[in-house]
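Residues take their numbers from the sequence shown, with the count starting at 1.
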Amino acid sequence: MKISPPTEVKELNLASYTSKIIITSCLLISLIVILGWSINSQKILILFTGNPSMKLNTAFVLLFAGINLIIFNFEDKIYIKIYKLLSITTILIGLITLFANAGFYFFDIDNFLINDVFHEINPGRMSPTSSICAVLIGISFLRFKSNNTVFLKLSNHTSKIASIISLISLISYILIIPQENKIPIFKTMSLHTSILFFVISLELMFRRKKSIFNKLFFSTYLGSKNFRSALPLIIIYPIVISNLLLLGFAENWISADAGILIYTVIIIPVAILYVSRFALNINFIEKERKILDMKLEAHNLNLNNFNKALDLIATMAVTNKQGVITYVNDSFCEISQYSKKELIGSTFKIIHSGYHEPAFFKKMQETMKTGEIWSGQIKNKAKDNSFYWVDAKIIPFKNRKKEITGYIHIIQETSTETKPNNMIS
């Protein structure tokens, strides 16, 4: 079974937690809005933000998005069909509404299920921005289940465009811009619609594993941590300061020149403090890295010296856990009469003499698997078919979890005359 490293597990947990919040929000808000339209309760419809309220078709689009996020990874054919059906329906709702806004009426879906009695202008109709976002989100969902290269290429940026459109609407609410001062197509897009389209588009970008957004937001590496730490400076501070300045302008507390000066005086020191913090963190890590590099270099030098000395005084070979030879020194090649090229990638069967019974090697393997050092004498056969005896020690390599990862075989040639009479055969 493949075990994910700790960093990867943390990324998965963070992404999963965020996804659950987004799905819950989509389902909860859309169902509440659908309930409000079903019972013609204006109090429920303006419960979240007041006017403008979310239209019924928008609520269904967001409900479909929430369902698709739930069944996103389901592989049963029935779920894939439901997923595609909801995606296509979302696209059609958006397109039909866009054509209606442009003056082309195919059939009325604005009041298809429930008659809108609360709005005089375009009753029941999604806003143009909501319609565009619906089309883009539907295409983005469909993209994940398509193998058509042309469609994949054309739909590569749909979720990004949807996030930008919904973010513009969202910022207009955050900056408390009056409805009459907004860009016309953004006037009737409600706050909770803007939020949900924005987080859904982000979620779809995050679900693309190779997406830069996925790596930046969910990775536990230093660069991503610095990015997330910088978000308050990038997003929150400018918005808060802008809100205060707009309030000052509206109340005639400050002039435009003074506002620009205040904004500059506040944002520059904050930016310097943030950048300084990141710079100090990077400097500290760089210093630690250099210290580790020096220690590693010294350790490698000692290890190389040790290996050279060991090569000179001992005959040895290294195998992996499966017994495949991964290294032999010159002395091993000399005694076996095989070249390194012939030995590496082979097993010790290449030098088996046929002298020992299977029970001998079985007992050897049992000892090795326990992690103990095996010692004994073995009769081997050289490449020229001559035989030689060796005193052997097989020492296991272990990782931090005490798991055996390989073995080092250290041998010393001896003569048959010195072989003990009780040698196991």
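For Gly124 against Asn57, the heavy-atom pair with the smallest separation is O-ND2, 4.2 Å. Nearest heavy atoms, Phe141 versus Ala65: CZ-O, 3.6 Å. Nearest approach of Phe361 to His356, heavy atoms of both residues: CE1-CB, 3.7 Å. Taking all atoms of both residues into account, the shortest heavy-atom contact from Leu152 to Asn147 is CD1-C, 4.2 Å. Shown here for Ser163 and Phe198, the closest heavy-atom pair between the two residues is O-CD1, 3.4 Å. In this structure, Ala317 and Phe348 approach most closely via the heavy-atom pair CB-CZ, 3.9 Å.
Side chain of Thr405 to backbone of Asn399: no donor-acceptor contact under 3.5 angstrom is found. No donor-acceptor distance shorter than 3.5 angstrom exists from the side chain of Thr193 to the backbone of Met189, with no hydrogens or angles considered. A donor-acceptor distance shorter than 3.5 angstrom exists from the side chain of Thr367 to the backbone of Lys363, with no hydrogens or angles considered. Between the side chain of Thr414 and the backbone N or O of Trp389 there is no donor-acceptor pair closer than 3.5 Å. The closest donor-acceptor contact from the side chain of Ser146 to the backbone of Leu142 lies at 3.5 Å or more, if one exists at all. Panel note: side chain Ser155, backbone Thr158; no donor-acceptor pair is recorded below 3.5 Å. At distances below 3.5 Å, not a single donor-acceptor pair connects side-chain atoms of His409 with backbone N or O atoms of Ala392. Using modelled atom types, one side-chain atom of Asn329 and one backbone atom of Met316 make a donor-acceptor pair closer than 3.5 Å. Remark: side-chain polar atoms of Ser159 are not paired, donor with acceptor, to backbone N or O of Leu204 under 3.5 angstrom. Formation of a donor-acceptor pair under 3.5 Å by the Arg207 side chain with backbone atoms of Ser19 is not found in this model.
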**Message:** One pair to check against side-chain contact (heavy atoms from CB on, under 4.5 Å): Phe197 and Ile165. What are the steps and the verdict?
**Reply:** CA-CA 9 Å; Phe197 272 129; Ile165 292 172; over 6 Å; no
**Asked** After noting the C-alpha distance and the side-chain angles of Ile70 and Leu27, does the key distance pass the side-chain contact (heavy atoms from CB on, under 4.5 Å) rule?
**Response** CA-CA 10 Å; Ile70 293 173; Leu27 296 177; 3.6 Å; yes
**Request:** Give the intermediate values and the outcome of side-chain contact (heavy atoms from CB on, under 4.5 Å) for residues Lys369 and Ile404.
**Result:** CA-CA 8 Å; Lys369 286 178 180 179; Ile404 297 173; 5.6 Å; no
**Message:** For a side-chain contact (heavy atoms from CB on, under 4.5 Å) check, start with the C-alpha distance between Tyr388 and Ser336, then their side-chain angles and the critical distance, and finish with the verdict.
**Reply:** CA-CA 9 Å; Tyr388 61 96; Ser336 68; 3.8 Å; yes
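Taking CD1 of Ile161 as the reference point, atom CD1 of Ile139 lies at 9.0 Å (rounded to 0.5 Å). Once rounded to the nearest 0.5 Å, the distance linking OG of Ser30 with CG of Leu63 reads 4.5 Å. Between the CD1 atom of Ile344 and the SG atom of Cys333 there is a distance of 7.5 Å, given to the nearest 0.5 Å. Here the CD1-OG1 distance, from Ile29 to Thr24, works out to 10.5 Å after rounding to the nearest 0.5 Å. Atoms OG and CD1, on Ser130 and Ile93 in that order, are 12.0 Å from each other to the nearest 0.5 Å.
A heavy-atom distance below 4.5 Å is not found between the side chains of Phe332 and Val318. Between Ile351 and Lys381 the shortest side-chain heavy-atom distance does not fall below 4.5 Å. Using a 4.5 Å heavy-atom cutoff, the side chains of Ser131 and Asn101 are in contact. Met205 places a side-chain heavy atom less than 4.5 Å from the side chain of Lys160.
Residues that satisfy the side chain to side chain contact (heavy atoms under 4.5 Å, CB included) test with Leu154, not counting sequence neighbours, are Val150.
For Glu342, the CD atom is densely surrounded, since the number of other residues' heavy atoms within 6.0 Å is greater than 12. Atom NZ of Lys393 is surrounded by 12 or fewer heavy atoms from other residues, nucleotides or ligands within 6.0 Å. Residue Lys321 qualifies as open at atom NZ: its count of foreign heavy atoms under 6.0 Å is 12 or below. More than 12 heavy atoms of other residues, nucleotides or ligands shown are found within 6.0 angstrom of NZ on Lys398. The environment of CD in Glu366 is crowded: more than 12 heavy-atom neighbours from other residues, nucleotides or ligands sit within 6.0 Å. Counting heavy atoms of neighbouring residues, nucleotides and ligands inside a 6.0 Å radius, atom NZ of Lys81 does not exceed 12 of them.
Looking at Phe151, Phe74, Tyr83, Phe72 one by one, the single match for ring-ring contact (aromatic ring centres under 6.0 Å, His included) with Phe144 turns out to be Phe72.
In this structure, a donor-acceptor pair under 3.5 Å is present between the side chains of Ser87 and Asn68.
Listed by first and then second residue, the side-chain hydrogen bond (donor to acceptor under 3.5 Å, both in side chains) pairs that reach into residues 290-304 are Arg289-Asp293, sequence neighbours excluded.
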